[in-house]
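Along the sequence shown, residues are numbered consecutively beginning with 1. Values below: every heavy atom of this structure, side chains too, minus hydrogens, waters and symmetry copies.
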Amino acid sequence: NQLTELTGFNKIVMLRKLDLNSNCVTSVDDIACLTDLPRLHDIAIAENPLSKSRSYRNKVLCMFTQACRRTDILVDGKGFSEKEKKKAKNTRVKGATRQGPSTLP
């Protein structure tokens, strides 16, 4: 697909799983709009420039934790340990601007 931008995905409010494997997503900031999706549970982002960073999974968790207080997200099919979740709650991430918990419609 060669996706570089995810604008518009945040309007698919019923989305539960998103496979973005093998695209051109370059940073965590590019996926910030996905934190608006209250039902999104599983994001596949392997084989993107973003996934070349060793800490990309933790950065995604931090983004969701800070933006919508969610730690139940799976990244590339894997969840997070309690230690990783606790660390994410105490880490500030650029682009994580939403306040308050995610709510289902």
Side-chain angles (χ1 to χ4, degrees):
N1 293 331
Q2 304 301 312
L3 293 175
T4 58
E5 190 174 302
L6 304 177
T7 305
F9 277 89
N10 60 329
K11 294 181 181 6
I12 311 171
V13 296
M14 300 303 284
L15 191 65
R16 293 175 183 261
K17 184 174 183 175
L18 182 59
D19 185 344
L20 295 169
N21 284 328
S22 302
N23 279 286
C24 298
V25 179
T26 59
S27 78
V28 173
D29 293 339
D30 296 334
I31 64 167
C33 66
L34 301 178
T35 62
D36 290 332
L37 300 172
R39 293 192 161 126
L40 184 62
H41 178 69
D42 191 351
I43 306 168
I45 52 176
E47 299 179 37
N48 278 279
L50 163 65
S51 66
K52 290 186 181 1
S53 165
R54 280 207 263 164
S55 61
Y56 81 97
R57 291 182 73 255
N58 287 330
K59 289 178 183 177
V60 173
L61 175 63
C62 289
M63 177 71 70
F64 275 84
T65 301
Q66 296 302 312
C68 54
R69 297 190 177 120
R70 291 185 50 206
T71 59
D72 63 337
I73 198 81
L74 301 177
V75 176
D76 295 329
K78 297 177 187 172
F80 294 89
S81 69
E82 289 303 315
K83 183 178 178 181
E84 290 170 314
K85 291 176 183 180
K86 184 176 180 179
K87 183 177 178 183
K89 288 179 183 177
N90 296 316
T91 303
R92 296 284 172 225
V93 178
K94 179 184 165 192
T97 57
R98 256 182 62 193
Q99 302 294 316
S102 176
T103 57
L104 296 176

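Heavy atoms only, all atoms of each residue included: Asn48 and Ser22 are closest at ND2-N, 4.0 Å. Taking all atoms of both residues into account, the shortest heavy-atom contact from Gln2 to Cys24 is OE1-SG, 3.0 Å. Residue Ser53 comes nearest to Lys59 through the heavy atom pair OG-NZ, 3.9 Å, listed as atom of the first residue, atom of the second, then distance. What you find for Arg70 and His41 is that their closest heavy atoms are NH2-CA, 4.0 Å. Looking at every heavy atom in both residues, Leu37 comes nearest to Ile12 through CD2-O, 3.3 Å. The two residues Phe80 and Lys85 come nearest to each other via the heavy atoms O-CE, 3.4 Å.
Counting heavy atoms from C-beta on, the side chains of Leu3 and Phe9 come closer than 4.5 Å. A heavy-atom distance below 4.5 Å is not found between the side chains of Phe64 and Asp72. Between Val60 and Ile45, some side-chain heavy-atom pair lies under the 4.5 Å cut-off. Looking at Leu18 and Leu40, their side chains come closer than 4.5 Å, going by heavy atoms from C-beta outward.
Note on Lys78 versus Asp76: no salt bridge recorded, every NZ/NE/NH1/NH2 to OD/OE distance being 4.0 Å or above. With respect to the salt-bridge test (charged N to carboxylate O, under 4.0 angstrom), the residues Glu84 and Lys87 do not qualify.
A distance-only check finds a donor-acceptor pair linking the side chain of Arg57 to the backbone of Gly79 [under 3.5 Å].
One finds the CG atom of Asn1 at 10.5 Å from the CG atom of Asn21 (value rounded to the nearest 0.5 Å). If you take CG on Leu34 and CG on Leu20, they are separated by 7.0 Å, rounding to the nearest 0.5 Å. One finds the CG atom of Leu50 at 10.0 Å from the CG atom of Asp29 (value rounded to the nearest 0.5 Å). Atom OG1 of Thr26 is separated from atom CD of Glu5 by 10.5 Å, given to the nearest 0.5 angstrom.
Both Leu61 and Leu6 sit in one connected hydrophobic cluster of ILVMFWY residues. Membership requires side-chain heavy atoms under 4.5 Å apart, directly or through other members.
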